[in-house]
Amino acid sequence: MLFRRKIRSLRRIPCPCFAGKHPLSSVAAADAAEELVSDSGGWDPKSCSRDILALSNLELGLYLSCRSNSNVVAEKGVLKQKEMVSCPRWSEQDPMLARLEVCHALAKEGRLRQMRKILRQMLGDEGTSSSLLCELLCTNFKDWDSNSIVWDMLANVYARLEMIHDALFVLSKMAALDMQASISTYDRLLFNLRHTEIAWDLYEEIKSSGVSYSEYTFKILIDGLCKQGRLQHAISFFQTERGNKEFNRCIVTFNSLMAGVCNAGFVEIARSLLSLSFKYGFLPNKHSYTTLIHGLCLAGYVDEALELSEYMQTDGIELDVVIYNILINGYRLLGLMSEIWKLIRMMIQHGLQPDLVTYTILITGLCEGGNVDEGLKMRKEMLSRGFKLNIVTYSVLVNALCRKGHINEVEGLLGEMKEIGLDMDLVAYSILINGYCKLGEIEKALQVCQTMCSKRIMANSFVHGGILSSLCKNGSVPEANWYLENLAATGQTLNIILYNIVIDGYAKIGDVEGAVTLYEQIIRSNITPSVVTYNSLIYGFCKIGELNIAKSFLRKIELHELVPTVVTYTILINGFCGAGDTDSILELLDEMIGKSIMPNRITYSVIIKALCKHGRVREAIDILKNMEIMGIGADEITYNTLIQGFHELRNVNMAFYLHDKMLQHSLMPTPITYNLLINALCLNGEVDRAERFLLSLLERGVRLRKFAYTTIIKAQCAKAMPDRAIILFDKIAIHKQNDHKSLAAFQAMVVKSCLIALGIYE
DNA sequence: ATAGGGTTAG
């Protein structure tokens, strides 16, 4: 401690030996000295003099020697250094040479970390070129003992600084001088180059050099292949190398392959890999199990993951918080909150406490289930237990609140983050930008974009996606297209989702030409379209009534080796419903079920709509019953569609029967439900009943749209009962008296609708 | 090693 303080104070005093000669060196020396001391765990005069001696006449040694006085340094060391002070070898000529000599001295002592630090400073701060350094090393240190260690570290540091060309240059010089690079330097470079073919040239070099592989060498290569999506290559590489003795030591490599296979969505392969691990000569460790448990959970096989975790325990490996979190997250992905609580109880029973990640998963699950308030409560619980939320937890909450449109609470959380000094990251920014875009706050979204850029965080496709969607939804599809072109022109890699957003924008406004133009552009630039691309195109063609062209795209999906989804078929069925083509609908329905693409509530709602349109309400009701039997819950829109059907037929009783059924199924009737019911009553001449129904709704605090009010008032006017309308008007006004704005709007509306009903106003 | 973000259908 004492020495560290001393060094710190030294840093501010110019070194008398070098006064005015090389200002950088005193800083470097102080830094190096500090590291020396912290490494040795404190200051001791004996090791100091040893260090000074070991470091020879390098700057550090000189600096320390002229600064240390008799009460610290052993006599011998001081004496030696005093001699050296009088005749510095390199320092006066070239500080770079002096530092390289430091490196040699450190290398000789085996103090590689300190050497690395000095080299990093030389390369990082001063941007020294590799050719100059190689030249210096060649001419001045040729036969020094530790020469190859210094060369190797030079390549290593270039690789660490991601200065790949320099690193490769140093390696080539080393080869010419017949020096062997270390495996850790090779590993670094392999890591940097893992997404390129050069990695494989380097691997060949490693093989032929005869240097021993590290436990990471193969892992890096396998990771690289997996991340590039070259799973086949990864597996065949694994197969060819696994005879290799050194390869088989590396359980990390095996784990890496399992992770890659899982991430590519082939859990089954990962599963068989683990069961074959013994045959391959690998002994699975905790990480192997964790990887497969994670893979199983992501694929939705949480029960099997749980079984595996139990098996793992019989293998003597205990569950930890990470594995619990993985399992908990698995249930979250399946939307099974009840199972999550069971697991949390279980982990507590086993003496493990939920951590920040556990809480974050919980909050995410609650928010996804629509219980943002519960999520906020959970946040309070975290705080009361002494947890500090991190950026991930905040992001989850901000995202949920944006989706709910609770902009004030979003601003509150943002203020809180600022207060505690939590930095936003790329994901947090993209959530916020998307949120503001969805809420129509484009100005704010752009402001956030600017803040993000000023922090040198580059916008990515998530951010651009938000901007593109909001442009499309605001009727600026050509502008969205222009934005997309600009992204491409500035060399950004555009992914299929960005194209899909704009294609869908065109499709929604019925501009199939615009949509197809973009689609052709995708094909030309060798970007693989996704099912969503085709779904949007099909939507566009259905919208303009070109059903045959729409159907031809269904075949194109299969040509591109993609699989149509329930959305594809639903869009098409909806198209044929509009045309009243029952045969085609049934044909499509059979076709999808034949492919095990099961219709969902939206598909059935579409079919119900078609049946209702042709007055075939009985069949529509049969479908509703079948949905119940199949466990496909109808939602508000399904019921509204049916109620609409009975409304057209003036069947008030069935309409109300369906309304009651909604309530039985805990579905909140929507303003549209009420409009339909009130209108049905009025058309049926039951204006009094409509009035009573409306008032009962108002008493229950149900919010209605103006259509509901005008319908009744118009009906009363039409029945030449304007006095009744006025009484009703007063009753409604009472319910709205606390809301002046709404009352004023209501009054204006009623006056207008009365005038229209009485034929006075157009 | 585990947690957060974007596109399509009624």
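Proteins get letters first, then strands, A, B, ... in listed order; numbering begins at 1 in each.
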Task: Spacing of A:Asn434 atom CG relative to B:dG6 atom P, expressed in whole Å - done: 7 Å
- [ ] Starting from C1' on B:dT2, measure out to CD1 on A:Ile340 and report it in whole angstrom.
- [x] 13 Å
Open item on the list: Can you tell me which nucleotide in B:dA3, B:dA1, B:dG10 comes closest to the side chain of A:Ser605?
Closed with: B:dG10
Open item on the list: If the test is side chain to side chain contact (heavy atoms under 4.5 Å, CB included), which one of A:Thr638, A:Asn574, A:Ile571, A:Leu611 qualifies with A:Val606?
Closed with: A:Asn574
Task: Side-chain N or O of A:His464 closer than 4.0 Å to phosphate OP1/OP2 of B:dG5 - done: no
Task: Closest listed nucleotide, where the reference is the side chain of A:Thr393 and the choices are B:dG10, B:dG4, B:dA3 - done: B:dA3
Open item on the list: Quick check with a 6.0 Å cut-off and a 45 degree axis cone: is A:Arg385 positioned over the face of A:Phe387's six-membered ring?
Closed with: no
Open item on the list: Heavy atoms only, 4.0 Å cut-off, all strands: where does A:Ala507 land among base, sugar-phosphate and nothing?
Closed with: nothing
Task: Residue A:Asn495, side-chain atoms from C-beta onward, closest of B:dG6, B:dG10, B:dT8 - done: B:dG6
- [ ] Would you classify A:Thr638 as touching base, sugar-phosphate or nothing, given that sugar-phosphate means primed atoms plus P, OP1 and OP2, and contacts are heavy atoms under 4.0 Å?
- [x] base
Open item on the list: Rounding to an integer number of Å, can you tell me how far A:Leu298 CG sits from B:dA1 C1'?
Closed with: 12 Å
TODO: Return the nearest nucleotide to the side chain of A:Val532; candidates are B:dT7, B:dA3, B:dA1.
DONE: B:dT7
Open item on the list: OP1 or OP2 of B:dT8 versus the side-chain N and O atoms of A:Lys473: is any pair under 4.0 Å?
Closed with: yes
- [ ] Go through B:dT2, B:dA1, B:dT8 for me and flag the one nearest to the A:Asn535 side chain.
- [x] B:dT8
TODO: Record whether the side chain of A:Asn255 comes under 3.5 Å of the base of B:dA1 through a donor-acceptor pair of N or O atoms.
DONE: no
Open item on the list: Looking only at the side chain of A:Val567 (C-beta and beyond, no hydrogens), which of the listed nucleotides B:dA9, B:dT7, B:dA1 gets closest?
Closed with: B:dA9
- [ ] Check if the side chain of A:Asp425 and the base of B:dG4 share a donor-acceptor pair of N or O atoms closer than 3.5 Å.
- [x] yes
- [ ] May I have the distance from A:Leu426 (atom CG) to B:dG4 (atom C1'), rounded to whole angstrom?
- [x] 12 Å
Task: Sugar-phosphate only, base, or nothing, as touched by A:Ile497 at under 4.0 Å among non-hydrogen atoms - done: base
- [ ] Calculate the interatomic distance between A:Ile573 atom CD1 and B:dT8 atom P; express it in whole Å.
- [x] 20 Å
Task: Length of the line joining A:Phe553:CZ and B:dT8:P, which is rounded to integer Å - done: 19 Å
TODO: Remember a base hit wins even if backbone is also touched, and classify A:Leu468 as base, sugar-phosphate or nothing at under 4.0 Å, heavy atoms.
DONE: nothing
Open item on the list: Rounded to whole Å, how long is the line connecting atom OH of A:Tyr539 with atom P of B:dT8?
Closed with: 11 Å
TODO: Quick one: sort the A:Phe254 and A:Phe282 rings into parallel, tilted or perpendicular, breaks at 30° and 60°.
DONE: parallel
Task: Centroid separation A:Tyr519 to A:Tyr534 less than 6.0 Å - done: yes
- [ ] With heavy atoms under 4.0 Å as the rule, sort A:Ile602 into base, sugar-phosphate or nothing.
- [x] base
TODO: Assign A:Val396 to base, sugar-phosphate, or nothing according to its heavy-atom contacts below 4.0 angstrom with the strands shown.
DONE: sugar-phosphate
- [ ] Give A:Ser461 one of three labels, base, sugar-phosphate or nothing, depending on what nucleic acid heavy atoms sit under 4.0 Å from its own.
- [x] base
TODO: Using a heavy-atom cut-off of under 4.0 Å over every strand shown, decide if A:Leu498 touches base, sugar-phosphate, or nothing.
DONE: base
Open item on the list: Heavy-atom count check: over 12 atoms from other residues, nucleotides or ligands less than 6.0 Å from A:Tyr301 OH?
Closed with: no
TODO: May I ask you to verify if any side-chain N or O of A:Lys508 is less than 4.0 angstrom from the OP1 or OP2 atom of B:dA9?
DONE: yes
Open item on the list: Within the supplied structure, the quantity of interest is the number of heavy atoms (other residues, nucleotides, ligands) at a distance under 6.0 Å from A:Gln353 CD; does it exceed 12?
Closed with: yes
Open item on the list: So, under a plain 3.5 Å distance rule, would you say the side chain of A:Thr570 forms a donor-acceptor pair with the base of B:dG10?
Closed with: no
Open item on the list: Nearest to the side chain of A:Arg332, heavy atoms from C-beta on, is which of B:dG5, B:dA3, B:dT7?
Closed with: B:dA3
TODO: Remember a base hit wins even if backbone is also touched, and classify A:Thr290 as base, sugar-phosphate or nothing at under 4.0 Å, heavy atoms.
DONE: base
Open item on the list: Measuring from the side chain of A:Lys609 (C-beta onward, heavy atoms only), which nucleotide among B:dA1, B:dT8, B:dG10 has the closest atom?
Closed with: B:dG10
Open item on the list: Measuring to OP1 and OP2 of B:dG4, would you say a side-chain N or O of A:Arg403 lies under 4.0 angstrom away?
Closed with: no
Open item on the list: Measure CG/A:Leu327 against C1'/B:dA1 and give the value in whole Å, please.
Closed with: 13 Å
TODO: Using a 4.0 Å heavy-atom cut-off across all strands, classify A:Ile637 as base, sugar-phosphate, or nothing.
DONE: base
TODO: Is it possible for you to check whether A:Lys508 lies under 6.0 Å from the centre of the six-membered ring of A:Tyr539, through NZ or CZ, and within 45° of that ring's axis?
DONE: yes
- [ ] Look at the side chain of A:Thr603 against the base of B:dG10 and say whether a donor-acceptor pair falls under 3.5 Å; ignore hydrogens and angles.
- [x] no
